[in-house]
Amino acid sequence: MKKEDNDLSLLIPDAETMTQDPLDLPPLGSVLVQVPARCNCCPQVMLDTNSGQMIPVRPAHLNTKAESNLNWKLVLLLTIASAALVSIVVISQQLILRHMGATQQISEPITLELNIPESGWMSNEGLHHKLRYPGEINEDYMVEIIQMDDATPDSNSQLSGAYYHMLPEKYTSPKKLDHHGVKFHSPLTLKNKNDVTLVEDGMYWSNEVINNVDPGLDEDTIEAELRSLRSRKVKSLEEPTWLKCGREQNRFVTFKDGVHACARYREPHNQLVLGEVMSFYLARLLGIHNVPAVILSQVDPNNPVWKSAMNEVNSAEWRVGSIVAMIQWVEDLVRDKMPNILKQALLARTTLDVTSDDDTYSDLPSDVTRVNIRDLDVTEAAEMAQWSDLVVFDYLTANYDRVASMQDAAEKEKRPEILSETVHNLAKSTRTGSLWLIDNESGMLDAYNLLYPQFEDSEAKKEGNRFKNMQRDMLQTTCIFKRSTVDKIFGLYKNGDTVSLLNDFINRNEPFYGELLRSIPGQDSAFRKHFQERVVEVWTWMKQCQENVKFW
């Protein structure tokens with residue numbers, strides 16, 4: 001038969017179509033008599049007594065079954081329609097909320113965490129472009145590297161290194177090393193002729209002296225400088241001079257905003273680039289704030305920092321893809337000399353302490369003015385306090401190209417007056433009077449390879465021992481230090497593994513550090529083996545200074 005317009009098969013494709021013809025009904029006035037079935041298989045019929053015609057009758061259970069099939073199909077259809085309606089309502093609500101949030105400019109931070117293996121990434125190939133150059137500022141993101149907070153309850157101790165955050169956060173600060181403090185007191189103090197206390201507790205520069213030392217770069221300033229070095233775009237590269245960035249392969253950088261920096265390129269001698277960045281992070285561990293900030297930057301045309309300067313990069317004959325040290329440029333610096341009082345102690349191989357006097361220096365050269373600590377005014381004492389940090393810092397980095405190179409020349413040429421010249425890689429700010437320890441590439445890896453040669457070479461060992469002795473002489477020129485520096489050295493000594501502490505600190509802040517280390521296999525062996533030894537040697541000397549004034 002022809003399907004009616006309201007046939008359910010149009011709505012439910014799998015539903016069975018009802019095609020049974022309606023039963024023939026007897027005429028009015030007919031009498032129907034039910035005829036019993038002979039068996040269960042025979043259909044049930046009614047007899048029309050008037051016409052004698054048999055009329056089939058549909059069993060009641062078949063009618064019930066057909067109605068049941070229709071009911072559950074209708075329920076299924078209603079369920080599907082209800083679910084579709086609910087989905088439409090939910091999706092509409094989400095779209096409305098998202099539109100309203102965008103209109104009101106309400107945004108929530110989005111955090112992307114990456115587990116970086118201890119060995120670091122071999123390269124940035126395959127990384128999303130937003131993760132390739134940390135520090136790049138875009139209209140909607142800035143990728144930064146921040147510390148995994150070990151103190152949070154939900155932190156995972158299995159995660160090491162660093163993770164990337166899509167919002168600008170603080171860099172990892174140096175680990176606190178002075179929370180123990182050195183419990184030492186001495187009755188000895190030293191005042192100058194103006195009755196200003198210069199030394200207290202027998203071996204510490206007084207608060208009056210420390211208050212006259214420019215504080216240098218605090219942690220907030222350092223973090224801001226690191227961010228700016230990573231995000232500024234290079235405008236031009238100038239050839240260096242000895243007063244601007246040093247060696248010929250380096251470049252004096254001008255950024256598009258007019259700020260300057262030094263770019264240190266030393267391939268294939270990447271240990272010198274690492275010396276710069278490692279010295280900077282050691283200074284932060286020691287609380288020494290007059291070492292310029294340093295980052296590592298990859299010279300790549302895809303890196304927004306270098307994109308506009310690739311012609312000058314090619315002119316400099318730098319390898320594309322190389323890693324350079326980008327160093328903060330500090331304005332208003334001039335060369336400076338070693339203080340006379342320190343120079344006389346070095347030449348006489350004596351030690352400045354609260355008990356020293358003029359009679360100690362009877363055999364000094366004529367060009368050395370004899371000075372006693374009590375002759376210093378507070379400004380001169382503040383400069384000496386900075387020099388006390390310098391001798392500690394250079395002993396730990398084993399830097400051979402500051403005071404040590406002058407000692408070397410004076411000894412080889414038998415000309416002690418060389419020590420009266422301006423000091424290599426040291427400058428004084430004409431604005432603040434603070435000393436700046438610059439060009440630190442000769443510290444750390446290259447220096448330790450000089451002092452502790454890995455091969456059986458008698459000449460190399462002789463030269464290494466000579467530099468070790470010169471640096472020891474310089475360390476032992478003073479027994480007066482900043483209290484904070486003594487506490488930090490004690491913290492490194494108590495830690496017992498300063499190499500791991502320093503490497504972890506750098507890895508958490510500098511994404512190219514591990515990659516650069518891997519480019520010079522074996523060049524860090526001497527440093528790893530002997531660095532803690534030199535920490536112990538500095539602490540041992542400070543303890544001896546304590547003993548010298550303890551019982552006065």
Side-chain angles (χ1 to χ4, degrees), residues 114 116-124 133-135 143-150 159-165 169-177 217 219 222-223 225-227 229-230 264 266 270-289 291-298 323-328 393 396-399 437 440-448 488 491-492 495-532 534-535:
L114 300 176
I116 301 177
E118 292 182 0
S119 58
W121 279 319
M122 290 299 294
S123 72
N124 60 19
Y133 303 106
V143 179
E144 285 291 286
I145 302 172
I146 65 173
Q147 182 181 15
M148 295 290 288
D149 187 1
D150 297 331
L159 298 177
S160 61
Y163 70 97
Y164 286 85
H165 199 279
E169 297 284 350
K170 286 188 175 182
Y171 281 75
T172 301
S173 298
K175 183 176 181 180
K176 293 185 71 66
L177 298 170
L217 304 174
E219 283 302 313
I222 288 174
E223 290 165 7
E225 187 63 32
L226 293 175
R227 280 199 191 90
L229 286 172
R230 291 196 193 282
R264 186 175 304 286
R266 299 292 277 147
N270 283 333
Q271 69 271 19
L272 297 171
V273 175
L274 285 164
E276 193 77 55
V277 71
M278 293 171 74
S279 295
F280 165 64
Y281 279 96
L282 176 63
R284 292 182 68 186
L285 283 179
L286 293 172
I288 296 175
H289 300 303
V291 174
V294 184
I295 66 152
L296 297 177
S297 181
Q298 188 171 41
I323 296 173
V324 301
M326 192 80 83
I327 308 164
Q328 174 190 9
F393 180 67
L396 291 180
T397 63
N399 194 316
L437 313 181
N440 294 293
E441 67 172 16
S442 301
M444 298 303 216
L445 301 187
D446 202 49
Y448 274 78
K488 292 289 188 359
L492 294 179
N495 178 272
D497 187 7
T498 310
V499 172
S500 296
L501 179 70
L502 179 62
N503 279 333
D504 181 64
F505 183 29
I506 303 174
N507 269 316
R508 286 172 179 264
N509 289 276
E510 185 47 71
F512 292 112
Y513 176 65
E515 180 178 340
L516 204 58
L517 267 180
R518 289 189 294 274
S519 72
I520 50 167
Q523 290 292 313
D524 61 340
S525 299
F527 165 75
R528 290 180 177 276
K529 183 176 181 181
H530 297 286
F531 185 71
Q532 188 65 30
R534 289 178 78 86
V535 171

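We number each residue from 1, following the sequence as shown.
Taking the side chain as every heavy atom from C-beta outward, Leu286 and Leu492 approach each other to under 4.5 Å. Between Leu274 and Leu517, the closest side-chain pair of non-hydrogen atoms falls below 4.5 Å. Side-chain contact check for Ile520 versus Leu445: some heavy-atom pair is nearer than 4.5 Å. Using a 4.5 Å heavy-atom threshold, the side chains of Val535 and Leu396 count as touching. Under the 4.5 Å side-chain criterion, counting only non-hydrogen atoms from C-beta, Thr397 is not in contact with Asn440.
With sequence neighbours left out, Glu225 forms a side chain to side chain donor-acceptor pair (under 3.5 Å) with no residue at all. Take Arg534 and apply the side chain to side chain donor-acceptor pair (under 3.5 Å) test, not counting sequence neighbours, and it matches Tyr452, Gln471. Here Asp524 pairs with Arg528 under the salt bridge (charged side-chain N to carboxylate O under 4.0 Å, His left out) rule; sequence neighbours left out. With sequence neighbours left out, the side chain to side chain donor-acceptor pair (under 3.5 Å) criterion links Ser279 to no other residue. Qualifying side-chain contact (heavy atoms from CB on, under 4.5 Å) partners for Ser525, counting only residues two or more places apart in sequence or in other chains: Gln454. Evaluation of the salt bridge (charged side-chain N to carboxylate O under 4.0 Å, His left out) rule for Glu441 yields Arg247, Arg264, Arg266 as partners, not counting sequence neighbours. By the ring-ring contact (aromatic ring centres under 6.0 Å, His included) test, Phe393 pairs with no residue at all, sequence neighbours left out. Gln328 pairs by the side chain to side chain donor-acceptor pair (under 3.5 Å) definition with nothing, not counting sequence neighbours.
Here Leu285 contributes atom CG and Ile288 contributes atom CD1; the two are 10.0 Å apart, rounded to the nearest 0.5 Å. Distance check: Ile295 CD1 to Leu229 CG gives 5.0 Å after rounding to the nearest 0.5 Å. Taking CD from Gln523 and CG from Leu272, the interatomic distance works out to 9.5 Å, rounded to the nearest 0.5 Å. Rounded to the nearest 0.5 Å, atoms CZ (Arg284) and CG (Leu217) are 10.0 Å apart. Atom CZ of Phe527 sits about 10.0 Å away from atom CD of Gln532, to the nearest 0.5 Å.
With hydrogens and angles ignored, the 3.5 Å screen pairs a side-chain donor or acceptor of Asn507 with a backbone N or O of Asn503.
Partner of Met444 under the side chain to side chain contact (heavy atoms under 4.5 Å, CB included) criterion, chosen from Gln271, Glu276, Met278: Met278.
Listed here is the closest heavy atom pair of Leu226 and Val294: CD2-O, 3.5 Å. Of all heavy-atom pairs between Asn509 and Tyr281, the closest is CB-OH, 3.4 Å. When all heavy atoms of Phe280 and Pro292 are compared, the closest pair comes out as CD1-O, 3.4 Å. Closest heavy-atom contact between Ala398 and Ala447: O-CB, 3.0 Å.
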Candidate pair Val277 and Phe512, rule side-chain contact (heavy atoms from CB on, under 4.5 Å), full reasoning: CA-CA 11 Å; Val277 71; Phe512 292 112; over 6 Å; no
